[in-house]
Chemist: 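Shown below is the structure under consideration.
Quick note on labels: first sequence line is chain A, next is B, and so on, each numbered from 1.
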2 protein chains.
Amino acid sequence: MQKEHNLSKNQKIIFDLIDKSRGPMKAYSILFNVQKKGIKAPLQVYRALDKLVEIGKIHKIESRNAFIACQNSSCQISKATAFSICESCENVSEISNLKLSKYLSNFSDSSGMKYSKYNLEFFGLCKKCKSK
Amino acid sequence: MQKEHNLSKNQKIIFDLIDKSRGPMKAYSILFNVQKKGIKAPLQVYRALDKLVEIGKIHKIESRNAFIACQNSSCQISKATAFSICESCENVSEISNLKLSKYLSNFSDSSGMKYSKYNLEFFGLCKKCKSK
DNA sequence: CTTATAAATGTTATATTATTACATACTGTT
DNA sequence: AACAGTATGTAATAATATAACATTTATAAG
């Protein structure tokens with residue numbers, strides 16, 4: 001089970017916005033959207049984002065500098081993330097594939113390094129964009 | 001075989017710097033280091049970086065906004081990248097593991113999306129940092 | 001309830017990363 | 001020589017992110 005986190009006021013405002021959004025949101029677009037709610041400065045946004053990422057409520061899409069709500073109930077998942085990204089329409093979705101996550105979580109190589117976390121981003125064309 | 005690319009002057013300067021560097025380099029650190037060679041503006045750096053990434057001579061470490069030289073001779077590899085990143089010393093190395101790359105290159109899910117590219121970043125502590 | 005501590009907020013300024021726009025020059029064909 | 005494609009130079013600015021400091025709120029312990 002995922003640990004319950006009582007989100008603070010700013011965290012809740014920002015999480016709700018991201019959660020309702022269709023796609024990933026960028027920090028300054030978030031800022032613009034929450035200014036009417038009293039969040040005025042970038043740092044207020046980034047602090048909430050940092051916390052939300054930390055507790056796994058959202059993920060950062062590194063290649064896009066954008067944030068999406070976690071689609072996954074597993075508490076493990078914020079340490080083991082995989083996304084599919086359409087390079088045409090920029091649609092992003094979280095991949096939940098048990099085989100994949102097991103494979104990657106158990107991955108080890110000759111470096112002697114123990115991996116505690118990974119992030120995987122797949123790129124391609126989504127169904128819609130492919131048929132255009 | 002990898003297609004031969006004749007690097008231009010700026011591309012060569014910047015590739016050589018990254019290639020000699022121990023770890024990943026950031027764009028503005030590159031800029032600082034090549035100013036004595038006549039490269040004065042960020043855009044000159046970013047243009048060379050873009051091209052070098054495109055032809056697979058370097059890779060971008062997305063989570064760090066930094067660039068490292070490709071350690072791999074395969075021409076496929078710039079569409080199929082995996083890195084291990086030490087969260088303590090920030091050492092980064094490219095993983096070349098045939099099983100892993102085959103597994104990921106062949107990965108498909110129910111979304112109907114055909115993936116043409118992926119980037120995977122593993123995080124953890126390297127041997128040295130673990131023993132501290 | 002009070003004290004202590006951690007977490008969150010507010011605010012200003014600034015650092016870092018990356019791109020737009022436009023003019024010019026080089027390179028390799030035909 | 002003319003063309004097309006690629007690379008360069010330069011200035012300005014956009015977009016992303018953090019530092020520093022003061023204050024407030026939440027949580028837990030005595």
Chemist: Picking from D:dT18, D:dT10, C:dA8, which would you name as closest to the side chain of B:Ala41?
Modeler: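 The answer is D:dT10.
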Chemist: Between the main-chain N or O of B:Ala69 and the side-chain N or O of B:Gln71, is there a donor-acceptor pair closer than 3.5 Å?
Modeler: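 Judged by distance alone, yes, a pair lies under 3.5 Å.
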Chemist: Can you tell me if A:Asn65 touches the phosphate of D:dA17, counting only side-chain N or O atoms and a distance under 4.0 Å to OP1 or OP2?
Modeler: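 Checking A:Asn65 against D:dA17: at least one side-chain N or O falls below 4.0 Å of OP1 or OP2.
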Chemist: Contact class for A:Lys12 vs. all strands (heavy atom < 4.0 Å): base, sugar-phosphate, or nothing?
Modeler: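 No contact.
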Chemist: Can you figure out which of C:dT19, C:dG10, D:dT16 approaches the side chain of A:Lys26 most closely?
Modeler: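 Of C:dT19, C:dG10, D:dT16, D:dT16 is nearest to the side chain of A:Lys26.
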Chemist: Salt bridge or not between A:Glu121 and B:Lys117? Use side-chain N to carboxylate O under 4.0 Å.
Modeler: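 No.
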Chemist: Tell me which nucleotide among D:dT10, D:dT18, D:dT8 gets nearest to the side chain of A:Pro42.
Modeler: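 Closest nucleotide among those given: D:dT18.
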Chemist: Closest-nucleotide mapping onto DNA chain D: is B:Gln11 or A:Lys60 further toward the 5' terminus? I mean the 5' end.
Modeler: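 Closest to the 5' end, via its nearest nucleotide, is B:Gln11.
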Chemist: Relative to each other, are the rings of B:Phe122 and A:Tyr118 parallel, tilted or perpendicular (30° and 60° limits)?
Modeler: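 Correct class here is perpendicular.
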Chemist: Roughly how many Å is it from CD1 in A:Ile13 to C1' in C:dT9, rounded to a whole number?
Modeler: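 A:Ile13 atom CD1 is separated from C:dT9 atom C1' by 11 Å.
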Chemist: Using a 5.5 Å cut-off between ring centres and planes within 30 degrees, is A:Tyr28 stacked on the base of D:dT16?
Modeler: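 Stacked: ring centres under 5.5 Å, planes under 30°.
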Chemist: Given atom CG of B:Leu43 and atom C1' of C:dC22, what is their separation to the nearest angstrom?
Modeler: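 Interatomic distance, CG of B:Leu43 to C1' of C:dC22: 11 Å.
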Chemist: More 5' along DNA chain D: B:Arg47 or A:Arg64, using each one's nearest nucleotide?
Modeler: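 Closest to the 5' end, via its nearest nucleotide, is B:Arg47.
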Chemist: Quick one: B:Leu49 CG to C:dT17 C1', roughly how many Å, whole number?
Modeler: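 So the two atoms are 11 Å apart, to the nearest Å.
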